[in-house]
Amino acid sequence: MAGSNKLTEAAIKQAKPKDKPHKLPDGNGMYLEVMPNGAKYWRFKYRYDGKEKRLAFGVYPTVTLTKARDKARVAKEILADGNDPGEVKKQDKLTKQAANANTFEAVAYELVEKRKLEGAAPVTIEKLVWMLEKKLCPFIGGISVAEITPVQLLAALRRIEAEGLHETANRAKSVASKVMRFAVATGRAERDTTQDLRGALVTAKAKHRAAITKPEELAPLLLAIDGYTGTPEVKAALQLTPILFQRPGEIRHMEWAQIDWEQACWEIPADKMKMRLPHIVPLPKQALDILRKIQPLTSYGQYVFPSARRGGRPLSENGVLAALRTMGYTSEQVTPHGFRATARTILDEVLGFRVDYIEQQLAHAVKDANGRAYNRTKHLPERKDMMQAWADYLDQLKASRPVLKL
């Protein structure tokens, strides 16, 4: 096919299909193959190592005549250097596929799957995925872990800092570091480049989760909760939070299968707990009443408090928090997690319960005299009495006040 270029855009557009594929030569080994269905494919015929070979350049009009000729020129240059353009194309494709498989986002989600297999708590996975989806991958997700630079990482983290979220920025850096270390361990990056960002971010001051620990301030809050007029699922979760004082993630992920109605307790398996130990939460009468009221609405599914927006998912982390804000309580006044400090303080200082009972019920890493972790049933009868006394005390706080409608 030696000779000058012969094809024009007009000739290509006018080319009609025939019963069999036919070729329209352009010269220098390139031609357009017109298929019976009307599709038009660019081909390049060449010889390498004594063998005739063909190379595909794409489909017209996606690949224009000018682009096809550029591809042919590059192929001829590769041939002139003594290489097979077909093999070079295959290697380029494999390299691109490897690069796509080794992007920050791809490696990050491999890490997520690994953490799931290791039995990470659902709330841990949820927070990890949220950080990746919202704060990191939109800005660095498409960059290869082998090529990502400290400057690129810092730019993503600075975006978070610009929102005033200094603690979140530092946690995002920690998540990015986990991804990069995983990339190093699996041979896809040389080093964790987040290490070059030491001292680059604003160090967030340690903040204690806001909590109300004075009975006279707790009573109005409890009444406001009873008067909350949001969805039944959120209200029930909100009401159980101070009564049971477990971690917000554990309450959100409460499942109907974990409720033992006969023994009046909530049995949380180890993989749902922060400390990776199974935990028993005695259910006082007040908690059982709340669960019975919500049961007809949500017992069709797995979770006691299902999400209203996502099928098969629990209530979002923002559900109870947003309800508190709707009721007029700021983050400086109270948080869902703060109810743990509320119970810890009042059970000890006002009601006089033993600290080890309280700590056991909080699912803290309590040790016995020999340094062993307490069994989940340790002091269970005493803890049942304590939980009922606590629920009764909360009712007493509300007894002399009118219910607030919010």
Side-chain angles (χ1 to χ4, degrees), residues 205-228 237-251 264-266 268 273-275 277 279-290 320-321 323-325 327-369 371 373-404:
K205 291 183 180 180
K207 287 178 65 178
H208 295 289
R209 294 181 176 94
I212 291 174
T213 56
K214 296 179 180 179
E216 64 270 20
E217 295 178 1
L218 179 58
L221 172 57
L222 296 173
L223 288 167
I225 288 174
D226 283 348
Y228 178 70
L238 189 59
Q239 289 177 310
L240 283 179
T241 296
I243 296 174
L244 302 183
F245 54 86
Q246 299 306 296
R247 296 179 181 89
E250 292 156 7
I251 288 183
C265 64
W266 168 26
I268 313 176
M273 295 296 298
K274 179 180 179 181
M275 304 309 295
L277 292 171
H279 186 47
I280 295 178
V281 182
L283 297 173
K285 292 179 292 184
Q286 293 87 336
L288 290 169
D289 288 343
I290 293 169
V320 170
L321 180 64
L324 290 170
R325 301 297 167 260
M327 291 156 48
Y329 284 88
T330 68
S331 58
E332 286 73 34
Q333 292 175 298
V334 67
T335 64
H337 199 283
F339 284 107
R340 291 169 62 75
T342 299
R344 171 68 175 78
T345 301
I346 296 178
L347 280 168
D348 176 21
E349 298 179 3
V350 179
L351 300 184
F353 281 95
R354 280 175 45 174
V355 172
D356 56 337
Y357 295 176
I358 303 168
E359 291 294 300
Q360 181 76 8
Q361 199 51 58
L362 286 164
H364 284 163
V366 183
K367 304 286 185 180
D368 64 14
Y374 280 139
N375 183 280
R376 66 186 182 132
T377 60
K378 186 76 171 181
H379 302 310
L380 187 55
E382 294 84 356
R383 288 193 283 127
K384 284 184 176 182
D385 291 342
M386 181 181 73
M387 293 298 286
Q388 187 59 59
W390 171 245
D392 291 343
Y393 174 76
L394 296 182
D395 281 348
Q396 291 169 18
L397 285 179
K398 297 182 291 183
S400 62
R401 294 170 179 266
V403 176
L404 302 178

Next item on the list: Show your working on side chain to side chain contact (heavy atoms under 4.5 Å, CB included) between Leu283 and Met387 and close with a plain yes or no.
Entry: CA-CA 7 Å; Leu283 297 173; Met387 293 298 286; over 6 Å; no
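- Under the 3.5 Å distance criterion, the side-chain polar atoms of Glu217 are left unmatched by any main-chain donor or acceptor of Lys214.
- Judged by distance alone, the side chain of Glu349 and the main-chain N or O of Ile346 form no donor-acceptor pair under 3.5 Å.
- Counting heavy atoms from C-beta on, the side chains of Ile280 and Trp266 never come closer than 4.5 Å.
- Using a distance-only test at 3.5 Å, with no hydrogens or angles considered, a donor-acceptor pair links the side chain of Trp390 to the main chain of Pro242.
- When only modelled atom types and interatomic distance are considered, Gln388 and Gln286 share a side-chain donor-acceptor pair under 3.5 Å.
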Check: Step by step, would you call Leu347 with Val355 a side chain to side chain contact (heavy atoms under 4.5 Å, CB included)?
Finding: CA-CA 8 Å; Leu347 280 168; Val355 172; over 6 Å; no
Next item on the list: Kindly determine whether Leu324 and Thr335 satisfy side chain to side chain contact (heavy atoms under 4.5 Å, CB included), including the steps that lead there.
Entry: CA-CA 8 Å; Leu324 290 170; Thr335 64; 5.8 Å; no
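- Listed by chain and number, the residues in a salt bridge (charged side-chain N to carboxylate O under 4.0 Å, His left out) with Asp392 amount to none (sequence neighbours excluded).
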Check: Would His279 and Gln246 satisfy side chain to side chain donor-acceptor pair (under 3.5 Å), going step by step from the backbone distance to the final call?
Finding: CA-CA 10 Å; His279 186 47; Gln246 299 306 296; 3.1 Å; yes
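- Distance check, rounded to the nearest 0.5 Å: CD of Glu382 to CZ of Phe353 gives 10.5 Å.
- Separating the CZ atom in Arg354 from the CD atom in Gln360 is a distance of 11.0 Å, to the nearest 0.5 Å.
- Within the model, atoms CG of Asp226 and NZ of Lys398 stand 3.5 Å from one another, a figure rounded to the nearest 0.5 Å.
- Ring pair His379/Tyr357 is tilted by interplanar angle, where 30° to 60° counts as tilted.
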Check: Between Glu359 and Arg344, is a salt bridge (charged side-chain N to carboxylate O under 4.0 Å, His left out) present by the stated rule, with each step listed?
Finding: CA-CA 8 Å; Glu359 291 294 300; Arg344 171 68 175 78; 2.7 Å; yes
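- When each of Ile212, Thr241, Ile243 is paired with Phe339, the side-chain contact (heavy atoms from CB on, under 4.5 Å) condition holds for Thr241 and for no other.
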